[in-house]
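Chain identifiers are assigned alphabetically (A, B, ...) following the order of the sequence lines, protein sequences preceding nucleic acid strands; residue numbering begins at 1 within each chain.
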Amino acid sequence: MENKPTQSNYIKNIIVEDLKTGKHREIVTRFPPEPNGYLHIGHAKSIVLNFDLADEFNGRTNLRFDDTNPLKEETEYVESIKEDVKWLGYEWDSLFFGSDFFEEMYNKAVLLIKKGKAYVCDLSAEEIRTTRGTLKEPGKESPYRNRPVEENLDLFERMRRGEFKDGEKVLRAKIDMASPNLNMRDPVIYRIAHAAHHNTGDKWCIYPMYDYAHPLEDAFEGVTHSICTLEFEDHRPLYDWVIEECETECEPHQYEFARLDMTNTVMSKRKLKLLVDEKIVDGWDDPRLPTISGLRRRGYTPEAIRNFVREIGVAKSNSIVDARMLDHFVREDLKMKAPRTMAVLRPLKVVITNYPEGQAEWLDAENNPENPEMGLRKIPFSREIYVEQDDFMEDPPKKYFRLFPGNEVRLKHAYFIKCNEVIKDRDGNITELHCTYDPETKSGTDFTGRKVKGTIHWVDAGNAVPAEFRLYEPLILDGEKEESAGFLDNINPNSLEILQGFVEPAMREAKPQDKFQFFRHGYFSVDPQKTTGEKPVFNRIVSLKSSFKI
RNA sequence: UGGGGCGUAGCCAAGUUGGUAAGGCAACGGACUUUGACUCCGUCAUGCGUUGGUUCGAGUCCAGCCGCCCCAGCCA
């Protein structure tokens with residue numbers, strides 16, 4: 001993996017300090033997704049952060065599924081998450097499930113009870129809520145708060161044995177009902193759920209809550225720096241309380257950073273799901289979605305995603321990153337890697353009237369002028385070709401140096417052609433152009449007789465391979481970031497445009513996920529779902545930048 | 001005065017102990033060009049939410065204001 005130095009951030013500074021003072025000898029991080037959905041680029045930020053941080057200081061990173069809620073989690077998600085992490089280019093040191101530690105967690109809970117730091121509470125969920133108090137008023141202590149240790153031990157064991165129904169009892173940490181931090185008002189740390197767990201099956205009917213489980217999982221794994229998002233800042237005192245009171249061998253610490261948000265897209269699991277459920281997009285891997293599977297299908301590369309995430313930095317202020325920054329990093333990555341080839345997305349037939357009928361020649365074309373090692377290929381040329389509709393204007397404005405009546409342009413890799421005649425149908429639509437070519441201007445002959453301002457791409461009509469092109473625009477229009485379902489009003493109705501055109505014959509060999517730069521258009525990737533043996537389908541990953549404006 | 005955070009350019013973001021505002025994206029000029037691309041060169045914060053204070057010196061320290069985000073799941 002490439003080792004670009006990543007910019008400084010506050011967590012890295014802490015690590016440097018911890019290493020210097022000897023607080024830690026080895027850095028251990030973890031990426032702890034809950035297997036209840038698909039990963040998106042926001043997760044990629046967390047993945048890159050955790051893995052890179054450990055990498056940089058020769059530490060290690062675990063992948064840990066935080067599976068403490070059997071009602072929401074499924075094995076299907078475990079597999080897709082593993083696939084996505086690997087695809088992003090990372091190898092975890094160890095693979096854990098939070099559920100691997102259920103027994104130890106249970107034992108720690110018994111310890112808490114023995115220390116008088118936890119109690120079984122019979123209050124209903126509703127009662128717990130009402131007695132929790134409000135943001136400005138303290139809560140009330142539960143009548144069960146001072147149950148004797150022996151009774152708590154007995155009840156907790158019976159909870160585990162399944163003697164009670166869901167919601168009948170919970171185990172609560174005994175902390176402080178008057179704390180200004182709601183999380184410290186005797187939080188529930190175990191609840192009863194008679195539900196099969198994707199990993200432990202029916203072994204358990206009590207499950208630990210996040211605030212209790214997460215710090216213990218970190219401690220059991222030997223995690224030193226437990227990195228999470230900003231909304232958990234308020235939970236840190238509880239995290240520390242659990243570590244302290246459970247007397248774990250390792251003492252991990254939690255650090256928070258701002259989750260990634262980007263312009264012109266949606267990032268929350270809820271909104272993503274809505275788009276999928278409402279069929280506004282075509283599944284979780286729709287190329288317009290910021291899911292890892294969507295980005296992959298669209299053609300974004302792991303390298304580009306990593307570099308993007310490294311460049312946006314890690315901080316604690318809520319921010320919205322310009323989506324165009326991601327585009328920049330794919331272009332940068334694909335510049336050297338993607339072969340250049342010509343594709344006509346909106347075909348306009350051109351007949352080269354002075355080129356002999358029945359004649360054809362095969363021209364040399366370099367695959368990537370930025371990267372000569374990629375070699376040459378042969379492309380056919382003959383009397384009839386297709387050019388881009390946009391590359392002809394009957395009545396052009398100033399500074400238009402493509403094709404127009406009387407003007408001469410260069411055909412990339414081929415000859416100069418001059419437009420002599422515009423053929424139209426009965427309705428006045430342009431159907432064909434008649435041009436003449438100059439044999440002396442053949443590419444590669446160092447012809448210097450005259451210059452043209454424009455070079456356009458084309459495809460030989462006789463050998464053209466029909467292809468479909470899918471052009472994507474941002475899913476969400478510019479404007480206020482709408483909350484709740486209101487964001488549906490900002491959906492871009494033109495986020496997908498499907499075009500039928502032609503590519504060079506060599507493109508018959510293109511395989512799913514192969515990436516190309518279509519000359520003067522942008523970077524495209526072969527769609528793995530829509531492509532058939534008959535017709536390749538190309539997703540536009542990103543267009544080329546352009547300073548051209550009419 | 002519930003508690004916890006954050007505020008540096010259009011967008012991200014660096015800025016260890018106060019010493020005179022990195023970098024990237026975007027944008028805009030120009031050079032080059034068989035991609036209106038790439039590349040290269042140049043421009044882009046007398047300014048760090050704001051008002052005061054301390055200091056020879058403040059983005060960094062202090063005080064007060066203002067604005068934004070998060071928290072009352074037996075979700076994570």
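Distances shown here put a side-chain N or O of A:K335 below 4.0 Å from the OP1 or OP2 atom of B:U39. Remark: A:S319 is in phosphate contact with B:A13, judged by side-chain N or O atoms under 4.0 Å from OP1 or OP2.
Taking syn as a glycosidic angle within 90° of 0, B:G18 does not qualify and is anti.
Distance check, rounded to the nearest 0.5 Å: OG1 of A:T291 to CE of A:M267 gives 10.5 Å. Atom CD1 of A:I41 is separated from atom CG of A:D261 by 11.5 Å, given to the nearest 0.5 angstrom.
In terms of modelled atom types and a separation under 3.5 Å, the side chain of A:D218 and the main chain of A:V223 share no donor-acceptor contact. In this structure, A:Y437 contributes its side chain and A:L411 its backbone to no donor-acceptor pair below 3.5 Å.
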- Note on the structure: 5' to 3', nucleotides 15-25 of chain B under a 4.0 Å protein heavy-atom cut-off (B base, S sugar-phosphate only, - none) gives S------BBBS

- Message: Within the 4.0 Å limit for protein heavy atoms, which parts of nucleotides 71-76 of chain B are touched? Write it as a string from 5' to 3', B for base, S for sugar-phosphate only, - for none.
- Response: BBSBBB

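Separating the CZ atom of A:F401 from the C1' atom of B:U33 is a distance of 11 Å, rounded to the nearest angstrom. Rounded to whole Å, the distance from CD1 on A:I541 to P on B:A37 is 20 Å. Rounded to an integer number of Å, the gap from NZ of A:K451 to P of B:C32 is 11 Å. What separates CZ of A:F548 from C1' of B:U33 is a distance of 17 Å, to the nearest Å. If you measure from atom CG of A:N371 to atom P of B:A37, you get 21 Å, rounded to the nearest angstrom. Atom CE of A:M184 and atom P of B:G3 are 15 Å apart (whole Å). Rounded to an integer number of Å, the gap from CZ of A:R340 to P of B:U33 is 19 Å. A:I320 has its CD1 atom 11 Å from the P atom of B:A13, to the nearest Å.
B:U20 and B:U55 are spaced 14 Å apart, taking the C1' atom of each and rounding to whole Å. B:G10 and B:G5 have their C1' atoms separated by 25 Å, given to the nearest Å. Straight-line distance between the P atoms of B:G24 and B:C44: roughly 15 Å, to the nearest whole Å. Atom name P, nucleotides B:C69 and B:G64: the rounded distance is 23 Å, in whole Å. The separation of B:C62 from B:C75, taken at their P atoms, amounts to 42 Å, rounded to a whole angstrom. Straight-line distance between the C1' atoms of B:G67 and B:U54: roughly 26 Å, to the nearest whole Å. Spacing between B:G57 and B:G19 at atom P, rounded to whole Å, works out to 15 Å. Here, B:G23 and B:C41 have their P atoms 13 Å apart, quoted to the whole Å.
In this entry B:C38 has no Watson-Crick or G-U wobble partner, no candidate having both defining distances under 3.5 Å. If you check B:G52 for Watson-Crick or wobble pairing at under 3.5 angstrom, you find it paired to B:C62. Across all strands shown, B:U43 forms a Watson-Crick or G-U wobble pair with B:A27, both key distances being under 3.5 Å. If you check B:C68 for Watson-Crick or wobble pairing at under 3.5 angstrom, you find it paired to B:G5.
The 12-atom threshold is exceeded at NZ of A:K337, counting heavy atoms of other residues, nucleotides or ligands nearer than 6.0 Å. For A:R160, the CZ atom is densely surrounded, since the number of other residues' heavy atoms within 6.0 Å is greater than 12.
Heavy atoms of A:G37 sit nowhere under 4.0 angstrom from any nucleic acid atom. Nucleic acid contact class of A:R402 (heavy atoms, under 4.0 Å, all strands): base. Nucleic acid contact for A:P138: none, since no nucleic acid atom lies under 4.0 Å from a heavy atom of the residue. As judged by a 4.0 angstrom heavy-atom cut-off over every strand, A:S443 is placed among the base-contacting residues.
For A:T455 and B:U35, a side-chain-to-base donor-acceptor distance below 3.5 Å is absent, hydrogens and geometry of angles not being considered. Judged by distance alone with a 3.5 Å cut-off, a donor-acceptor contact links the side chain of A:Q517 to the base of B:U35.
Remark: A:R30 fails to qualify as a cation-pi partner of A:F96 under the 6.0 Å distance and 45° angle criteria applied to the six-membered ring. A cation-pi contact links A:R402 to A:F548, judged by a cut-off of 6.0 Å to the six-membered ring centre and 45° from its axis.
Exactly one of A:R540, A:Q389, A:E388 qualifies for a side chain to side chain contact (heavy atoms under 4.5 Å, CB included) with A:L345. That residue is A:E388. Of the residues listed (A:M177, A:E141, A:R172), the one engaging A:R185 in a side chain to side chain contact (heavy atoms under 4.5 Å, CB included) is A:M177, and it is the only one.
Counted by atom type alone, A:E231 and A:T229 present one or more donor-acceptor pairs between their side chains at under 3.5 Å.
Residues A:P290 and A:L272 meet the side-chain proximity criterion, which asks for heavy atoms closer than 4.5 Å.
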